[in-house]
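Count residues from 1 along the sequence.
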Amino acid sequence: MLSPQLLILCLILGGQLLSLADADPMIEIFRWKQMDFSNRGNDLLSSGGRKDRPSFSAPVVFPGKYSRQKREIMTSRDTPVVVNSRADSDDRNASYIPYNNVPMGATHFRGRVFVTMPRRRVGIPSTLNYIDLAEDGSDRSPKLRAYPNFALNQFNASAENLVSVYRTSVDACQRLWFIDTGMLEYPNNRQQIRRPSIWVVDLATDQVLKRFDIPESIAETGRGLASITVDVKAGQCGDAYAYIPDLVYRRLYVYHLRNDRIWSFEHNYFNFDPLSGDLSIGGQAFRWDDGIFSITLGTQKPDGSRDAYFHPMASTNEFVVSNRVLQQESNAARSDHGNDFRVLGNRGPSTQSTMHVYDPGTGVIFFDEIQRNGVGCWKTSQPISAENYGSVDSNAEDMIYPSDLSIDEDGTIWVMSNSMPIFIYSTLDTSIYNFRIWKQKASLAKRGTVCE
């Protein structure tokens with residue numbers, strides 16, 4: 001029989017172990033020192049059919065010529081001219097330059113993880129890719145496969161092909177949505193070679209269902225189009241709305257699939273917070289002024305409406321507007337939106353976030369936290385505040401700059417971290433792992449936090 005002292009000790013140690021077990025951090029699934037591809041495009045290059053610069057016949061539009069552009073600003077989409085870049089000495093016609101490939105987005109759907117590679121440098125074989133978990137899931141550093149095929153990713157082969165994709169989204173109708181920015185964001189040579197466009201792909205057949213070119217009257221360039229959120233009910237697939245934040249021009253675009261129309265909202269809440277733009281990530285100190293960056297949809301209310309939660313990246317505040325407001329095109333023309341757009345509250349210091357997603361199974365919104373190099377959470381049934389905002393995971397060594405967060409139909413969170421500030425302002429160490437994909441069940445991620 002245990003002595004009272006030993007019994008007390010066991011209870012204390014057991015409680016500590018239970019406390020540790022309650023914490024379910026993100027699980028690393030894949031990691032790369034440098035990204036690689038199943039098809040690097042070497043065959044095209046040897047035959048003279050692949051160049052990583054626009055062809056002479058390509059339409060080139062330079063940002064700055066439009067009357068609505070106010071000024072050049074420094075956002076997460078820019079590389080300062082004072083920073084040395086390996087791209088300066090790269091072979092401009094190279095089909096694949098390992099160092100220049102920095103992944104941005106990760107979305108899982110039924111055994112495939114879609115990984116995006118925006119064209120911020122030369123030498124990127126394909127901007128939209130996937131990992132087949134059945135075939136490559138056991139490889140900790142798998143090669144990426146072009147999606148839906150390699151040919152569609154060759155922007156110089158056809159004006160109908162993809163140029164640059166940042167993030168993807170899967171809707172309730174098993175379709176993959178994304179924005180092609182149409183922009184080559186090469187250092188000191190940013191070029192809008194195509195109109196930014198909305199794409200919809202059938203994930204059952206991998207066929208492109210829709211491409212919609214965003215008119216210049218709505219978005220001058222694709223420079224700030226980093227994400228897309230889809231609002232649709234299963235069984236009503238034709239009546240989908242897509243919400244597209246513009247982090248540069250600080251606007252919110254709404255696209256209606258059925259009517260094939262797009263309109264634009266402007267509001268002060270889309271602007272960055274000047275007190276939240278000073279960042280320190282991965283040993284780099286810098287200032288960004290990214291505006292509205294992420295939109296996520298809450299649960300459906302009895303009247304059928306849903307709240308659309310949003311925030312600028314350079315901010316620690318969270319805002320909300322009803323999707324009913326956004327879906328009325330006439331509302332976009334109003335000079336005064338009254339109380340339609342509301343401030344929910346502040347998440348607390350150092351909670352600047354790229355992407356955030358609502359999980360219907362838990363009623364919790366999960367946030368990519370760039371300052372904390374981790375994942376945060378907020379239970380939407382509670383007022384948002386520093387006290388009600390929780391930390392799921394934080395890892396300043398391995399989860400540097402979480403750039404994307406998505407939740408699949410099974411309630412699993414997927415996170416991409418890509419060390420991007422180091423890539424922009426310094427030099428990545430290619431002898432260590434720089435890019436990672438993480439996952440965790442949402443129901444487990446909230447355990448032991450205030451989001452329970």
(message) Between Trp438 and Ile27, is there a side-chain heavy-atom distance shorter than 4.5 Å?
(response) no

Side chains of [X] and [Y]: is there a donor and an acceptor less than 3.5 Å apart?
| X | Y | value |
| --- | --- | --- |
| Asp231 | Asn323 | yes |
| Tyr389 | Glu318 | no |
| Tyr147 | Asp206 | yes |
| Trp378 | Thr380 | no |
| Gln191 | Asn189 | yes |
| His356 | Thr296 | no |
| Thr168 | Thr107 | yes |
| Asp290 | Gln352 | no |
| Asp171 | Trp177 | yes |

(request) Using the salt bridge (charged side-chain N to carboxylate O under 4.0 Å, His left out) rule, take Asp410 and Lys439 through it: C-alpha gap first, then chi angles, then the decisive distance, then the call. (result) CA-CA 12 Å; Asp410 297 321; Lys439 77 171 186 177; over 6 Å; no

(request) Considering non-hydrogen atoms only, spot the tightest contact between Trp199 and Glu160 and give its length. (result) CH2-O, 3.3 Å

(request) State, to 0.1 Å, how close Thr116 and Gly105 come at their nearest heavy-atom pair, and which atoms those are. (result) OG1-N, 2.8 Å

(request) Using side-chain contact (heavy atoms from CB on, under 4.5 Å) as the criterion, list what pairs up with Cys237, not counting sequence neighbours. (result) Cys173, Arg175

(request) Please list, chain by chain and in numerical order, all residues satisfying side-chain hydrogen bond (donor to acceptor under 3.5 Å, both in side chains) with Gln328, sequence neighbours excluded. (result) none

(request) Sequence neighbours left out, what passes side-chain hydrogen bond (donor to acceptor under 3.5 Å, both in side chains) with Asp408? Give chain and number order. (result) His108, Trp414

(request) Please lay out, stage by stage, how Asn346 and Thr316 fare under the test side-chain hydrogen bond (donor to acceptor under 3.5 Å, both in side chains). (result) CA-CA 6 Å; Asn346 191 285; Thr316 57; 2.8 Å; yes

(request) Rounded to the nearest 0.5 Å, what's the gap from CD on Gln192 to CD on Glu185? Could you check? (result) 9.0 Å

(message) Would you compute the distance between atom CD of Glu135 and atom CZ of Arg145 and round it to the nearest 0.5 angstrom?
(response) 4.5 Å

Donor-acceptor pairs under 3.5 Å, side chain of residues 275-283 to any protein atom, not counting sequence neighbours: which ones?
unit_1 : atom_1 : unit_2 : atom_2 : d
Ser276 : OG     : Asp273 : OD2    : 3.2
Asp278 : OD1    : Arg287 : NE     : 2.6
Asp278 : OD1    : Arg287 : NH2    : 3.1

(request) Output all residues satisfying ring pair (Phe, Tyr, Trp, His ring centres under 6.0 Å) with Tyr241, sequence neighbours left out; order by chain, then residue number. (result) His256

(request) Cation-pi check, Lys33 to Tyr433: give yes when NZ or CZ is under 6.0 Å from the six-membered ring centre and within 45° of the ring axis, no otherwise. (result) yes

So, for [X] and [Y], is the gap between ring centers shorter than 6.0 Å?
| X | Y | result |
| --- | --- | --- |
| Phe423 | Tyr99 | yes |
| Phe310 | Tyr243 | no |
| Phe319 | Tyr309 | no |

(message) Please check this pair: side chain of Asp202 against backbone of Val208, looking for a donor-acceptor N/O pair closer than 3.5 Å.
(response) no

(request) Could you tell me whether Asp136 and Lys143 make a salt bridge, using a distance below 4.0 angstrom between a side-chain N and a carboxylate O? (result) no

(message) Lys210: which residues meet the salt bridge (charged side-chain N to carboxylate O under 4.0 Å, His left out) condition with it, sequence neighbours left out?
(response) Asp260

